[in-house]
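Here's the structure we're looking at; comments come further down.
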Amino acid sequence: MDFAARRDWPGYFRTMLGKPPRETLVRALEIPDRRPAGERLAVDLACGEGRDTLELLRRGWRVVALDGHPMAIELLTSRVPPDQAPLLTARVEPFEASAWPRCRLLNCSFALPFCEPREFPGLWRRIADSIEPGGLFAGQLFGDRDSWAGLPDRTHHRRGDLDGLFAGFLIEQLIEEERDDVTVEGEPKHWHVFHVVARKR
Ligand SMILES: C[S@@+](CC[C@H](N)C(=O)[O-])C[C@H]1O[C@@H](n2cnc3c(N)ncnc32)[C@H](O)[C@@H]1O
């Protein structure tokens, strides 16, 4: 079973270390914003080893980065250039107990399926409520035909569920990806993923 399938986050972080930012984040950052970067706050929820947070910091954003695993925060903070460190607040916080300020961008890459189903509605409410009008959500939701949808502690969605989740948003990008491929460890997996960038109304 793959790192992410069995929640072996240290193994996952070691494999991912040094990878570029996720495409959904890059797409969100291409969308023009009248605010100067220094006035923009991003929250990177379940930031992992920090690939997206590092890109946000590099572009001058202030970032609140949260993850449930201490190693994620250690790997992130150890790689932040000293001149960017004042822009970052990084904390170990699980989804269930996490709180963060109002933000211009809520980034959550490849992490929402790992929220337990009973916790997801509350987490999603906090995500949607925290994004300021005109701000963006960027990240992934996993589909109901994904190989991991059968695991008991995972949150997966049907295509139709997204209409409700993003009712208060304008969709900037919605790519539904479905393919047979492999995991980061090279194990066969059916991927069914929604890649979303959406603007809060
Ligand atoms: C597949 S990784 C994605 C990490 C990073 N966002 C990326 O794009 O590479 C999933 C992340 O979710 C975090 N995670 C899993 N369950 C969590 C929970 N209950 N609360 C907070 N973070 C959690 C893991 O520690 C891990 O960093």
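Residue indices begin at 1 and follow the sequence shown. Computed from heavy atoms alone, side chains included, the values below leave out hydrogens, waters and symmetry copies. Whatever order the structure lists ligands and atoms in, that order sets their numbers, starting from 1.
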Can you sort out which atoms of ligand 1 are near [X], meaning under 4.0 Å from one of its heavy atoms?
| X | answer |
| --- | --- |
| R51 | 9 (O) |
| S109 | 3 (C), 5 (C), 6 (N), 7 (C), 8 (O) |
| F13 | 25 (O), 26 (C), 27 (O) |
| F110 | 1 (C), 2 (S), 3 (C), 10 (C) |
| H69 | 25 (O) |

A side-chain contact here means heavy atoms from C-beta on lying under 4.5 Å apart; do [X] and [Y] qualify?
| X | Y | answer |
| --- | --- | --- |
| L29 | W61 | yes |
| I31 | L136 | yes |
| R51 | P21 | no |
| T155 | L112 | no |

Where do R91 and D67 land on the salt bridge (charged side-chain N to carboxylate O under 4.0 Å, His left out) test, with the steps shown first? CA-CA 7 Å; R91 291 195 300 266; D67 198 280; over 6 Å; no
Would the W124 and F137 ring centres measure less than 6.0 Å apart?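 Yes, ring centres under 6.0 Å apart.
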Ring centres of H157 and F120 under 6.0 Å apart?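 Between H157 and F120, the centre distance is under 6.0 Å.
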May I ask whether M16 has any heavy atom positioned less than 4.0 angstrom from an atom of ligand 1?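 Contact check M16 vs ligand 1: negative.
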Option with minimal heavy-atom separation from atom 6 (N) of ligand 1, where the choices are A111, A46, G48: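 Checking each option, the heavy atom nearest atom 6 (N) of ligand 1 is found in A46.
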Ligand 1 contact on C47 by region, counting heavy-atom pairs under 4.0 Å: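 It is the backbone that touches ligand 1; the side chain stays farther off.
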Go through the steps to decide whether D33 and R104 satisfy the test salt bridge (charged side-chain N to carboxylate O under 4.0 Å, His left out), and finish with yes or no. CA-CA 10 Å; D33 192 324; R104 193 70 185 157; 2.9 Å; yes
Consider every N or O of [X] and every N or O of ligand 1, then say whether any pair is closer than 3.5 Å.
| X | value |
| --- | --- |
| G68 | yes |
| D67 | yes |
| E93 | no |

Would R199 and E172 satisfy salt bridge (charged side-chain N to carboxylate O under 4.0 Å, His left out), going step by step from the backbone distance to the final call? CA-CA 7 Å; R199 184 184 292 280; E172 298 276 354; 3.0 Å; yes
So which protein heavy atom does [atom] come closest to, and at what separation?
| atom | result |
| --- | --- |
| atom 16 (N) of ligand 1 | R7 NH1, 3.6 Å |
| atom 19 (N) of ligand 1 | E96 OE2, 3.2 Å |
| atom 8 (O) of ligand 1 | R22 NE, 2.8 Å |
| atom 23 (C) of ligand 1 | F95 CE1, 3.9 Å |
| atom 2 (S) of ligand 1 | Y12 CE2, 3.4 Å |

Residue pair R79, E74: steps toward the salt bridge (charged side-chain N to carboxylate O under 4.0 Å, His left out) verdict: CA-CA 9 Å; R79 294 188 302 143; E74 283 160 24; over 6 Å; no
